[in-house]
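Computed from a predicted model, the values in this text were never measured in an experiment. Chain letters run A, B, ... following the sequence lines, proteins first and then strands; every chain starts at 1.
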Amino acid sequence: MPANPYRTHTCNDLRPAHAGETVKLAGWIHNKRDLGGVLFIDLRDHYGITQIVIPPTAAFQDEIAHLPKETVISVEGTVRPRPDGTVNTNIATGEIELDVAGYEKLGACAPLPMNVFPEDHTPEETRLKYRFLDLRRSQLHQTVMLRSRIISSIRRKMIELGFQEFQTPILTSSSPEGARDFLVPSRLYPGEFYALPQAPQQFKQLLMVSGFDRYFQIAPCFRDEDGRADRTPGEFYQLDVEMSFVTQDDVFAAMEALFVPLFREFKSAWPMNETGGAFPRLTYRDSMLRYGTDKPDLRIPFEISDLTPLFAKSEFKAFAGKTVRAFAVPQAFDQPRSWFDQLQEEAKKLGAPGLAYLKFESHGNLSGPIAKFMPTDGIGGEIVRKVLPEPLAAPNVIFFSADHDETKAAKVLGRMREIIATQLDLVEKNVFKFTWIVDYPMYEMSDEKKVEFSHNPFSMPQGGFEALTTQDPLTLFAYQYDLVCNGYEIASGAIRNHVPEIMYKAFEIAGYDPSVVDTRFAGMINAFKYGAPPHGGIAPGIDRIVMLLAGETNIRDVIAFPMAQNGRDLLMNAPAPATEKQLREVHLTIRKPVPKA
RNA sequence: GGAGCCAUAGCUCAAUUGGUUAGAGCGCCUCCCUGUCACGGAGGAGGUUGCGGGUUCGAGCCCCGUUGGCUCCGCCA
């Protein structure tokens with residue numbers, strides 16, 4: 001480090017070899033230990049901590065002793081080895097200390113709204129409002145550094161895999177499908193708006209049509225939707241990827257060549273469920289059936305069974321004729337009644353009437369509220385044989401969900417699977433369980449009984465034009481896929497529909513006239529008429545990858561400056577009203593919502 | 001758009017379930033202390049219990065509303 005007026009070394013540089021040297025350090029007062037005679041201060045910067053010693057003979061000792069924690073100072077002094085028995089092995093500079101001869105105050109510190117050290121628990125609201133203090137703390141500081149290293153590694157690996165990095169516009173046009181857009185009013189064109197990209201989807205496809213073969217970008221994406229623990233409102237980052245002349249298998253292979261080494265690099269101790277560098281694959285249909293979700297957490301050691309046929313003509317009215325799903329959790333057997341009651345409430349929150357369960361006693365009897373409808377010599381026995389593992393010795397509990405709506409029956413039990421596994425601490429620890437989810441349906445039936453795209457309208461239907469013209473649309477699959485790890489959707493992608501004829505047909509089935517395609521996707525459909533290569537891609541979520549590698553469960557804890565769940569930035573006070581002058585320039589008047597009566 | 005949980009000192013929590021003057025630790029201030037490293041010790045300041053109503057002889061605690069935060073549903077091609 002070149003010397004300057006502030007410092008000659010960082011707070012992680014000095015070692016016994018520097019003994020006798022006169023040096024300058026600069027940083028924050030991390031902690032103080034005033035022993036009456038000698039005063040110790042832990043001086044902290046980005047790189048580390050160095051103990052500095054202010055001897056009782058120093059005229060300024062009283063002054064420096066009264067500087068509050070987190071004051072920024074520069075100190076000059078002599079490096080010396082610590083006396084025998086006072087070495088601190090917890091810090092890299094623990095064998096030395098700085099004998100301070102003079103100091104300068106560089107930045108005063110007001111009373112702190114939260115502690116930087118020690119890092120005791122602090123409400124997230126305070127942490128968001130004073131993010132610069134939270135970021136000083138070791139926990140978040142290290143996570144942000146980890147994020148930086150992960151992104152560097154991704155860039156390096158993508159380039160090694162033969163991809164080129166591109167930039168695409170941020171001010172662009174609104175896309176008619178998908179999430180709500182963020183709009184930016186145009187000054188030059190009154191009443192017209194740019195939209196921030198939900199993803200660089202059409203641009204990356206246009207780059208393939210432009211003859212670039214393998215694209216990537218660490219791309220900001222903007223979607224005006226509500227937040228979740230694993231989803232920031234407003235904006236997030238994707239590793240956006242697109243490849244020409246590829247099949248689904250080629251995209252998977254490229255991503256496996258990225259993810260396996262990446263996760264090994266940053267979490268070498270955690271086993272991964274890859275085989276020969278490849279992740280297992282699961283169809284969307286199987287995932288919904290066995291896990292009740294399209295982002296299954298494979299760390300949970302039990303799966304869902306379908307019992308619908310058993311209850312087709314049942315006399316048990318709560319289940320009869322409905323989709324019935326069930327799973328068994330032996331660890332639930334000894335739970336108190338209050339635990340089962342609390343699960344009823346959880347299920348009701350999800351819109352189910354409750355959560356039915358059967359207890360399988362060690363001597364083979366069934367008990368519980370609905371046991372009287374499930375004779376062991378009848379349907380009860382059939383359930384046991386279908387759901388419980390052999391041999392049938394151990395006590396167990398079978399949980400059910402039933403609904404006329406198949407998807408709802410599946411989703412409720414899928415969510416209960418996660419809740420129960422979490423509550424009983426059954427989620428396998430320190431492991432990454434990846435899976436590809438493939439064969440998404442091309443179309444689905446809307447609530448209004450209309451056929452609509454179930455995912456990206458730009459996905460290639462499996463079977464191509466012929467399938468579109470000969471099959472029931474609801475039976476069609478798309479070359480659409482997700483990558484899931486530990487219950488998080490960490491990537492989503494598709495082989496694209498690059499053939500105008502198939503594109504028009506696909507939209508026609510969803511009820512759109514060719515003119516709609518021509519106006520809404522003018523740039524892309526036009527490009528496809530001038531020689532488009534077959535292409536496909538994927539977009540892993542950077543924030544979620546960092547979450548997994550940092551071991552965080554809250555996505556805000558891997559982002560330097562996140563918004564709160566409600567889309568407010570508590571540090572910068574965004575969003576904020578615009579001035580009348582600003583509004584005039586972009587030709588806007590404010591129309592406030594009418595308050596409810 | 002909907003549901004649930006939370007809100008007490010700068011911070012983390014407590015207050016025997018409606019009962020006297022709302023407590024403790026950390027931080028802050030004053031003092032003591034020459035080898036600490038989560039230093040130790042003595043003392044002190046600091047509260048409209050988020051806010052507004054209500055019930056009650058009496059509310060931090062019960063009820064209604066509201067604000068903020070979090071979690072979930074919807075939403076997220």
Sorted by number, the residues of residues 400-416 of chain A with heavy-atom contact under 4.0 Å to RNA chain B: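 A:Arg415 - these, ordered by number, are the residues of the stretch whose heavy atoms sit under 4.0 Å from the strand.
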B/S/- contact track for nucleotides 34-42 of chain B, protein heavy atom under 4.0 Å: BBBBSB---
Side-chain N or O of A:Arg228 closer than 4.0 Å to phosphate OP1/OP2 of B:rC70: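 It does not, given that no N or O in the side chain of A:Arg228 lies less than 4.0 Å from OP1 or OP2 of B:rC70.
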Selected nucleotide, minimal atom distance to A:Glu225 side chain, candidates B:rG69, B:rA77, B:rC76: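 The nucleotide sitting nearest to the side chain is B:rC76.
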Not counting sequence neighbours, which residues clear side chain to side chain donor-acceptor pair (under 3.5 Å) with [X]? List them please.
{"X": "A:Tyr103", "answer": "A:Glu63"}
{"X": "A:Arg223", "answer": "none"}
{"X": "A:Arg231", "answer": "none"}
{"X": "A:Ser492", "answer": "A:Asp482"}

I'd like to check the side-chain contact (heavy atoms from CB on, under 4.5 Å) partners of [X]; sequence neighbours left out, ordered by chain and number.
{"X": "A:Tyr47", "answer": "A:Arg7, A:Thr10, A:Asn12, A:Asp45"}
{"X": "A:Arg131", "answer": "A:Arg127, A:Leu128, A:Asp134, A:Leu135, A:Leu140, A:Phe561, A:Pro562, A:Leu571"}
{"X": "A:Phe477", "answer": "A:Asp439, A:Gln462"}

Name the atoms and distances for all side-chain donor-acceptor pairs under 3.5 Å in residues 54-61 of chain A, with sequence neighbours left out.
residue: A:Gln61; atom: NE2; partner: A:Gly37; partner atom: O; Å: 2.5
residue: A:Gln61; atom: NE2; partner: A:Ile54; partner atom: O; Å: 3.1

Rounded interatomic separation in angstrom, taking CG from A:Leu350 and C1' from B:rA3: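 After rounding, the reported distance stands at 11 Å.
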Salt bridge (Lys or Arg N to Asp or Glu O under 4.0 Å) pairs, two or more places apart, involving residues 197-207 of chain A: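 Matches after skipping sequence neighbours: A:Lys204-A:Asp240, A:Lys204-A:Glu242.
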Could you run down the sub-3.5 Å N/O contacts of the protein with nucleotides 5-13 of chain B?
residue: B:rG10; atom: O2'; partner: A:Pro113; partner atom: O; Å: 3.2
residue: B:rC11; atom: O2'; partner: A:His121; partner atom: O; Å: 3.4
residue: B:rU12; atom: OP1; partner: A:Pro123; partner atom: N; Å: 3.3

Polar contact flag, side-chain donor to acceptor under 3.5 angstrom, A:Arg417-A:Thr293: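 Note: A:Arg417 and A:Thr293 side chains miss the donor-acceptor criterion.
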Sugar-phosphate only, base, or nothing, as touched by A:His66 at under 4.0 Å among non-hydrogen atoms: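 Sugar-phosphate contact only - A:His66 comes under 4.0 Å of backbone atoms but never of a base.
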Sugar-phosphate only, base, or nothing, as touched by A:Arg556 at under 4.0 Å among non-hydrogen atoms: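 Touches sugar-phosphate only.
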